[in-house]
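For ligands, and for the atoms within them, numbers begin at 1 and follow the listed sequence.
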Amino acid sequence: MTIPSSQQAVRIAPSILSANFSILGEEVRRIDEAGAEYIHIDVMDGHFVPNLTFGAPVVKCLRPHSKKIFDVHLMISPVDGLIEDFVKAGSDIITAHVEAGPHLHRTLQAIKSHGVKAGVSLNPHTPIESIQHVMDMVDLVLIMTVNPGFGGQSFIPLLDKIAAARAMIDAETARSGRVIDLQVDGGVNPETAKQCVAAGADLLVAGTAVFKDGPEKYAENIKALRG
Ligand code: DX5
Ligand code: ZN
């Protein structure tokens, strides 16, 4: 029996890491109006990754600016103690890294216990098999195509890994009927976006490629990523 692909229409999640932080609420409204489906929120702790951004209080302040899906990418370690804060701040999806600690299963359980969606993210070097035994818990799989920490880096062509994640997701969807997003994050531009979608991705994160050339271009930039 051939398992039908569960790949969905391509959706775009602009990363506000590349936005103007002095007017973040306004920037979120602009990308919402420009057609973004998800708002990708990069949380960095200066420990798990060598950079700092913001925490749950900022997410809470941004929440009234958009009704779109708040997709919170936690690049922090440890994770568990801060989950409740991010839930209360209005996150719709909370994604934790496989590499953030020894107890990924517990972290995903904790996220799901709050009734929000749970995502799992893999650094470029981490084998896709590391999430095999949590596939029944996740709503989103995030393949990092840069080493996390900074915007504006070059795309690492992990297309075989994206394809392997697609196969795992399709198997889980065939088994349980659950829809799981396959997200790619890092160095996504109109050219690399095509490659990611061909490999099976259906949710593309982009910072530089969305925010370049100013607010008048956001809609055009988002459209260009859809291929
Ligand atoms: C990197 C972040 C990404 C980043 C993407 O650690 O997770 O979301 O903002 O930026 P670009 O699209 O510029 O590579
Ligand atoms: Zn991210």
Side-chain angles (χ1 to χ4, degrees), residues 10-21 24 27-28 31 34 36-56 58-59 62 68-77 79 82 86 91-100 111 117-126 138-158 161-162 165 181-197 201-214 217-218 220-227:
V10 179
R11 288 148 302 140
I12 309 298
S15 163
I16 60 168
L17 187 61
S18 297
N20 180 343
F21 276 26
L24 216 37
E27 291 276 69
V28 166
I31 52 174
E37 280 90 1
Y38 288 31
I39 310 295
H40 186 80
I41 300 175
D42 284 311
V43 177
M44 303 185 184
D45 67 353
H47 164 72
F48 178 69
V49 289
N51 196 9
L52 276 172
T53 54
F54 43 69
V58 172
V59 178
L62 293 177
K68 299 280 171 75
I69 294 167
F70 269 23
D71 161 32
V72 176
H73 178 191
L74 295 181
M75 287 162 276
I76 64 173
S77 176
V79 177
L82 288 173
F86 282 100
S91 309
D92 296 298
I93 302 174
I94 297 179
T95 296
H97 268 261
V98 172
E99 308 83 7
I111 294 170
K117 292 190 171 180
V120 66
S121 179
L122 298 95
N123 279 340
H125 76 281
T126 303
V138 298
D139 302 290
L140 178 151
V141 173
L142 169 50
I143 305 294
M144 290 302 303
T145 43
V146 296
N147 288 294
F150 302 94
Q153 303 181 78
S154 297
F155 181 77
I156 303 169
L158 298 166
K161 189 173 178 183
I162 296 169
D181 293 333
L182 178 45
Q183 185 174 58
V184 176
D185 183 5
V188 174
N189 58 40
E191 288 75 47
T192 57
K194 275 196 199 74
Q195 299 167 28
C196 293
V197 172
D202 52 18
L203 179 55
L204 305 174
V205 176
T208 308
V210 168
F211 286 93
K212 73 184 173 99
D213 303 328
K217 296 285 184 189
Y218 293 171
E220 199 178 305
N221 292 342
I222 288 173
K223 191 160 174 269
L225 292 168
R226 298 189 198 279

For ligand 1, which of its N or O atoms have a protein N or O partner closer than 3.5 Å, and how long is each gap?
unit_1   : atom_1 : unit_2 : atom_2 : d
ligand 1 : 6 (O)  : Gly149 : N      : 2.7
ligand 1 : 7 (O)  : Asp42  : OD1    : 3.0
ligand 1 : 7 (O)  : His73  : ND1    : 3.3
ligand 1 : 7 (O)  : Asp185 : OD2    : 2.9
ligand 1 : 8 (O)  : Asp42  : OD1    : 3.3
ligand 1 : 8 (O)  : Asp42  : OD2    : 2.7
ligand 1 : 8 (O)  : Asp185 : OD1    : 2.7
ligand 1 : 8 (O)  : Asp185 : OD2    : 3.0
ligand 1 : 9 (O)  : Ser15  : OG     : 2.9
ligand 1 : 9 (O)  : Asp42  : OD2    : 3.2
ligand 1 : 12 (O) : Gly207 : N      : 2.7
ligand 1 : 13 (O) : Gly152 : N      : 2.8
ligand 1 : 13 (O) : Thr208 : N      : 3.1
ligand 1 : 13 (O) : Thr208 : OG1    : 2.5
ligand 1 : 14 (O) : Gly187 : N      : 2.8

Any donor-acceptor pair under 3.5 Å linking the side chain of [X] with the backbone of [Y]?
X: Asp185; Y: Met144; answer: no
X: Thr192; Y: Gly187; answer: yes
X: Glu27; Y: Ile16; answer: no
X: Asn221; Y: Val210; answer: yes
X: Lys161; Y: Pro124; answer: yes
X: Asn51; Y: Gly149; answer: yes

> Have Asp42 and Ser15 got a donor and an acceptor in their side chains that come within less than 3.5 Å?
Replying inline: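 There is such a pair (donor and acceptor under 3.5 Å, judged by atom type) between the side chains of Asp42 and Ser15.
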> Where does the angle between the aromatic ring planes of Phe211 and Tyr218 fall among parallel (under 30°), tilted (30 to 60°) and perpendicular (over 60°)?
Replying inline: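 Perpendicular, since the angle between the ring planes exceeds 60°.
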>> Check Lys117 with Asp181, please: is the shortest side-chain N to carboxylate O separation under 4.0 Å?
In response: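 No, no charged N to carboxylate O under 4.0 Å.
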> Which residues and atoms, counting only protein N, O or S, are under 2.8 Å from the Zn ion (ligand 2)?
Replying inline: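 As for protein N, O or S atoms lying under 2.8 Å from the Zn ion (ligand 2), they are His40 NE2, Asp42 OD1, His73 ND1, Asp185 OD2.
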